[in-house]
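Notes follow the structure.
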Protein chains: 2
Amino acid sequence: MRKPTIQDVAVKAGVGVGTVSRVLNNHPAVRGVTRDAVLKAISDLEYTPNPHARRIAGGKSYTISVLLPVLTTEFYTRLLDGLEAAFQEARYDVAIFPLLDRSRLERYLGSHTLAYQADGLVMATYNLQALFHEHRLRTQQPTVLVDAYAEHVDCAYMDNVTGGRLAGEHAVKAPGPIHAIWVETELDQLFQTRVFEDRRSGFMGALAAAGRGLGRECVSSFDTLAARNTAAQLLDAVQTEPGGVPCTVFASADLLAGALLDEMAVRGLQPGVDVRVIGFDNQPWAAARGITTLHQPVESMGYEAATLLLTRLNGYRGPARARRFEPSLIVRGSA
Amino acid sequence: MRKPTIQDVAVKAGVGVGTVSRVLNNHPAVRGVTRDAVLKAISDLEYTPNPHARRIAGGKSYTISVLLPVLTTEFYTRLLDGLEAAFQEARYDVAIFPLLDRSRLERYLGSHTLAYQADGLVMATYNLQALFHEHRLRTQQPTVLVDAYAEHVDCAYMDNVTGGRLAGEHAVKAPGPIHAIWVETELDQLFQTRVFEDRRSGFMGALAAAGRGLGRECVSSFDTLAARNTAAQLLDAVQTEPGGVPCTVFASADLLAGALLDEMAVRGLQPGVDVRVIGFDNQPWAAARGITTLHQPVESMGYEAATLLLTRLNGYRGPARARRFEPSLIVRGSA
DNA sequence: TTGTAGGCGTTATCAG
DNA sequence: CTGATAACGCCTACAA
């Protein structure tokens, strides 16, 4: 009852192993009839190729390492969906390395791990290139950045500046003061991301272009409690100042927007009327709560990132490419 | 500049490949001098064996799949530290599969993935055995549960009943009412864990043994905001009822205890005097906040789980073994 | 105790 | 288009 091999399939289909290998790899030079016979043998035998054997025979590992932060957001689930879809089509395996902490990252970069054995590397959100040079990775693996941008590296990134701008352009459509809540950025330099800076600069730009100024700015860490407290502080200020309501608040992440809506409900403030709320991310629950927000084509970004890496693996040697993805505004009741 | 192979090492050390292979696998029949020479060649060349080649030649992949939830808690970082330490010693690679969502889990179990090819499986916290049967995994891989218990499977688990009991025994040392805050368990049956149930039953047992009853019970989801709200509710009730203070509160996770302390501070209630607080987990920040809590030997549990799996891989065929680990009470100012 | 040779399941390179 | 056959890097007898 041992696992069937390519040999077994070849015998059963009455062809040579080479032919079986060809149909396995979608090689064009196979006659239709032959291909069908092989395919039938494969399914009859419930044959699955041994990945280790192809790794050793082909000189490639057919494995991609994906390094990503472990924020338990839907964002990374969707990102992985996009990445995995593309890699699976190309028969690559993906190994996920959650960056739980800094020392773990360094271990991943040690030469004994799977990360080292992989054919390519996907780095999400954080640009760890610098660190890679410190550790002078011997085999410079093809690398692609996703949800991050850097020069001289292939990357697929979300244009958060544009996202911020769209939010700003929507904000200025209404009169009244405009406020914003930003997300506190990580302290560790290594784990820094420019996402929220970008959203801010896009937003500010739109306001400036419309000749509008920003009222209050608050900063909150990415945490429900902190978000709620920040929302309360902002509303306290807004409610006590003359002409404070109606106003518009750009909450630069849906988590913040949700907390703001909660706090507004307590105070009897009506979304879209007393306080117009614009979020960011289009989280799954954003629709139900009627949050006007920015949707990000995350899966597409992941898919494209994977595609960029695959072209490198297939021999592309040209200059680094950058693929930009634009968030789109989804208008709902909150603004 | 290509990766050195076992051949290169053999040449450099002036021995045959067989000898190199033997020292690689800790085979006893190698002379000390020879071994040293080989070892030197290995480190000179910075040679690392190709795991895929090992797999295909030896029939093992030397890879372990670790399935774990992605709660970004220190708990899983420590657990992985323990697991990886043991596996590294045995020259096994570990591939981490974060269980971001249900469909992803099913994909991991698909026959093409690394998880399927691994020599063994570690499942953390959740017992997914049932699912495995549904999917009738053909190659029943050796599996070990960690931070979870089930019959007929090797497992290393934290005795949360004892942890709860220790908390209870500490709680009953003081007079006054005793309250508790529990963590809401996951809705999806598949992703269920008994951890919090166990803490509860241990705690209740200790109270019963001491002839004491439980006052108020609250449930909170594992989220800072929810925890804070729950704490507020509890304190509202406690402060308004006669003889409500001083009292003792068992917060079954440090996250809950921290939120409780925050809310107490707002109300001017003194920890350890007005309200005695007992947490659970001994998070890194628990010491600074003076939280009396239960420390869990998480690394040891991980290490032991890995060891159990390794014995299976080395041919152990006996009955399932269960290794129990006991939390220990750390008394600080809060109780 | 050590070296040599055969084989593991694929892919890739040839002739045909 | 297809079938042999030589790699790929390692492990494991078997022989020395």
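First the proteins, then the strands, lettered A, B, ... as listed; each starts at 1.
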Verdict with supporting geometry, A:N25 and A:R54, side-chain contact (heavy atoms from CB on, under 4.5 Å): CA-CA 11 Å; A:N25 296 292; A:R54 37 188 321 246; 3.7 Å; yes
What is the distance from CD1 of B:I42 to P of D:dC10, rounded to the nearest Å? 10 Å
To the nearest Å, give me how far apart CG (A:D119) and C1' (D:dC8) are. 14 Å
Of the listed nucleotides (C:dT10, D:dC10, C:dT1), which one gets closest to any side-chain atom of B:I6? D:dC10
So, is A:T19 near the phosphate of D:dT2, with a side-chain N or O under 4.0 Å from OP1 or OP2? no
In terms of relative ring orientation, are A:Y149 and A:Y157 parallel, tilted or perpendicular, with 30° and 60° separating the classes? perpendicular
Is there a donor in the side chain of B:T307 and an acceptor in the side chain of B:R323, or the other way round, less than 3.5 Å apart? no
Does a side-chain N or O of A:T34 approach OP1 or OP2 of D:dT2 to a distance below 4.0 Å, or not? yes
Do the side chain of A:D119 and the main chain of A:Y62 share a donor and acceptor less than 3.5 angstrom apart? yes
Which heavy atom in B:P319 sits nearest to a heavy atom in B:D154, and how many Å separate them? O-OD1, 4.3 Å
Starting from C1' on D:dC11, measure out to CG on B:N50 and report it in whole angstrom. 13 Å
Closest listed nucleotide, where the reference is the side chain of B:A57 and the choices are D:dG9, D:dC1, D:dA7: D:dG9
Answer yes or no: is there a donor N or O on one side and an acceptor on the other, between the side chain of B:R312 and the main chain of B:G318, under 3.5 Å? yes
Distance test, side-chain N/O of B:R54 to OP1/OP2 of D:dC11, below 4.0 Å: yes
Give every donor-acceptor pair under 3.5 Å between a side-chain atom in residues 31-43 of chain A and any protein atom, sequence neighbours left out.
residue : atom : partner : partner atom : Å
A:R35   : NH2  : A:H27   : O            : 3.1
A:K40   : NZ   : A:D44   : OD2          : 2.7
A:S43   : OG   : A:K40   : O            : 3.2

Whole angstroms only, please: what is the CD-P distance between A:Q7 and C:dT10? 9 Å
d(CG, B:D8; C1', D:dC10) in whole Å: 13 Å
For B:G14, report the nucleic acid contact type (base, sugar-phosphate, nothing); a contact means any heavy atom under 4.0 Å. sugar-phosphate
Would you say A:Y47 reaches C:dT10's phosphate, i.e. side-chain N/O to OP1/OP2 under 4.0 Å? yes
Could you identify which residues of residues 20-28 of chain A place a heavy atom less than 4.0 Å from some atom of DNA chain D, listed by residue number, or say none? A:R22
If I take atom CD1 in residue B:I56 and atom C1' in nucleotide D:dC8, what distance separates them, rounded to the nearest angstrom? 8 Å
